[in-house]
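Accompanying notes for the structure given below.
Quick note on labels: first sequence line is chain A, next is B, and so on, each numbered from 1.
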Protein chains: 4
Amino acid sequence: MRPLRADARDNRARILIAAEDVFGQAPNASTEEVAKLAEVGIATVFRHFPTKVELLEAVLTVRLERLRDRAIELAGHDDAGSAFFGFFTQVVSESASKLAIAEALSASGSAAGEAAKEAGAGMRAAFGVLLDRAQQAGAVRRDAGFAEVYALLVGASRGATAAGLEPAVRDRMLELVYDGLRS
Amino acid sequence: MRPLRADARDNRARILIAAEDVFGQAPNASTEEVAKLAEVGIATVFRHFPTKVELLEAVLTVRLERLRDRAIELAGHDDAGSAFFGFFTQVVSESASKLAIAEALSASGSAAGEAAKEAGAGMRAAFGVLLDRAQQAGAVRRDAGFAEVYALLVGASRGATAAGLEPAVRDRMLELVYDGLRS
Amino acid sequence: MRPLRADARDNRARILIAAEDVFGQAPNASTEEVAKLAEVGIATVFRHFPTKVELLEAVLTVRLERLRDRAIELAGHDDAGSAFFGFFTQVVSESASKLAIAEALSASGSAAGEAAKEAGAGMRAAFGVLLDRAQQAGAVRRDAGFAEVYALLVGASRGATAAGLEPAVRDRMLELVYDGLRS
Amino acid sequence: MRPLRADARDNRARILIAAEDVFGQAPNASTEEVAKLAEVGIATVFRHFPTKVELLEAVLTVRLERLRDRAIELAGHDDAGSAFFGFFTQVVSESASKLAIAEALSASGSAAGEAAKEAGAGMRAAFGVLLDRAQQAGAVRRDAGFAEVYALLVGASRGATAAGLEPAVRDRMLELVYDGLRS
DNA sequence: CATGAATGAGGTTTCATTCAT
DNA sequence: AATGAATGAAACCTCATTCAT
């Protein structure tokens, strides 16, 4: 509400965006690089995120919430099969940098903080809905449990991150995965 | 041939084992931790592997060669399908630390040295033979190209590495993958 | 202009002075000794001079600029002969530590950076003016080229640095040199 | 007398030669480089010279003895002037690496051991004879004391070591010095 | 007596975090 | 609230010296 708040909000957002960019490309990047890209002082970064781990968690949280929102949105569509597979494909296509962030986190020893855990749970819940609906619509085999399908999602994402994997190959890989999932 | 070489060999082996262990659990671990686990002085590690990157590469190389040897061995079996799926399962089951090492390497900026590259090529070649034979035996669909199947192998490995994935879930995930691969 | 800059300036100056002192006495001294003498943390030294070589260059540059300024100042005097020989004597008397620094630099492999090179050129130019004027005034023989006179300056400086050379001896040595230079 | 002695002698000589070469070019070189050039194990170097400082001293001693021998030899010549100036020129021409060694020594903190000190004294004595004879022959001014002439010798040597000093310039510099010394 | 491996102390440099303005 | 300087701990790597063969 106070004018300064606006500045602070702006800074927080700019830092998050910069961090997503920086850590997405180099999991081991220094906090100072984030500050430089965000065009704020290093101390400002630490004012908003008292710890590097907290910064990483915040970035991860944002990513997960974004995915959750997309899943929720897709859950409203008519074609449950397209919704499920479309979401799966999107996650795999875009997850390169999310992965890098998760790795940076786990390298820090801390196994994801409260917020990130919640965001992950929310995302998984939304994905579970997509899966359920796709199974009820007959698009996905009924004997596939959530845990293994989610593991497949994670695996496919990570596989797609493999250095130099061409999009065409990635798509053919996904076709193999989808053939195993269809009923 | 010379007497002391025996000790040196021992140390080199001990360092490699320690490194595999240490970097398998924490890609960012320090070289000193490796030395401590191997029970040698830090300088001894650097005598055998003049650079941290070289140490990482050596560990990765050993792992890849081990996998290649297993693939070659399996290629001699009669049942080409079992050979292929068996190898796939083994790789996925054991690759947790291989991954961590590859990541530590790529975090170091250097994209894997000569030896590691060769070992990787050898492993992929051996895996290609397994795939070919499984396809000719009708155990794997013929329209699955090597690139995507290999990407799937990598992805499944990485997916299995997901923190706290239970073996049972991992196996069910693999069943989904295998159903997509079978003809 | 910004408040903290004052502190930083102070620190930078303190570090330079400390470095001049430390490296003047022991060319191989560690950066940590400089930090200790300057009463700052080691990282502060590296913030101001990102590399040990850069620190050495900075010290050398300061020294050379100081000498250049003195030469320029003397060039304004009426008695060109006194100006020339006075400068020569000053350089020889004070150059003990400048030498040590130049050696530390060359030991580092890097043959003096941009700034130091420029400072050296400026100093040589100013010395050249002193020589010219002394020759035109008939105080120094005309057939003495700049290169050899400068080499003589360097040599006399280094000779004076010889361990335990007494000032009286140094002065008599300079008299011999000056007799060779007079017309 | 025992056969092994011959080997040891050989090794000692080879090490000294290698050390002269290595330290002549890089005062900060490691002892291992000396061992490599001498084609002996590092431990062999330390068997002959229990300390790096002792090795440096030995090299310096050899050099000084060599110079002393030359001075003694020249002292037998008829033309005392040529003998003196010839020796002076030789010292200056060849002293580049001697200097480097002396610097390496002084960088080590130790101010030259017993043997090196004696060798230095011997060399100075022989040079003193050359000077005396040249003065009595009227080739060098009588009012030049030994201390300052020796300082000049050292200075000229060091000046000649200046990076990239061309031989022609060095010779012209020496002419200036000699003009100051002549009676 | 020679060798090469092993060692620990120390040097340079980076980085997350705190302090002073 | 924002900044940038300061800091110490730790990382990687080197080297003189010692041990075991």
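Listed candidates were E/dA2, F/dG4, F/dA2. Nearest to the side chain of D/Arg47 is E/dA2. Comparing F/dA2, E/dA2, E/dA6 against the side chain of D/Thr44 picks out E/dA2 as the nearest. For B/Ser30, taking side-chain heavy atoms from C-beta onward, the closest of the listed nucleotides E/dA5, F/dA11, F/dA16 is F/dA11. Between E/dT18, F/dA2, F/dC12, one nucleotide has an atom nearer to the side chain of A/Phe46 than all others, and that is E/dT18. Nearest nucleotide to the side chain of C/Ala8, out of F/dA6, F/dA16, E/dG4: F/dA6. The nucleotide whose nearest atom lies closest to any side-chain atom of B/Val40 is, among F/dC15, E/dT7, F/dC12, E/dT7. You'll find that the side chain of C/Ala43 is closest to F/dT7, out of E/dA6, E/dT13, F/dT7.
Pair check for F/dA1 finds none; no Watson-Crick or G-U wobble contact set falls under 3.5 Å. Both distances falling under 3.5 Å, in either a Watson-Crick or a G-U wobble arrangement, place F/dA9 opposite E/dT14. Under the Watson-Crick or G-U wobble criterion, with both distances below 3.5 Å, F/dC15 is paired with E/dG8.
Under a 4.0 Å N-O distance rule, the pair C/Lys117/C/Glu57 does not qualify as a salt bridge. Between A/Glu94 and A/Arg66 there is no salt bridge, since no side-chain N of the basic residue sits under 4.0 Å from a carboxylate O of the acidic one.
Residue D/Asn11 contributes atom CG, which lies 8 Å from atom C1' of E/dA2 at whole-angstrom precision. To the nearest angstrom, P of E/dT12 lies 14 Å from CD of C/Glu54.
Look at B/His48 and you'll find a side-chain N or O under 4.0 angstrom from OP1 or OP2 of E/dA6.
When the nearest nucleotides of DNA chain F are assigned to B/Glu32 and D/Pro50 by heavy-atom distance, the more 5′-ward of the two goes with B/Glu32.
Taking both residues in full, the closest heavy atoms of C/Ile15 and C/Val34 are given as O-CG1, 3.9 Å, listed atom of the first, atom of the second, then distance.
With values rounded to the nearest 0.5 angstrom, B/Thr31 atom OG1 is found 4.0 Å from B/Phe46 atom CZ.
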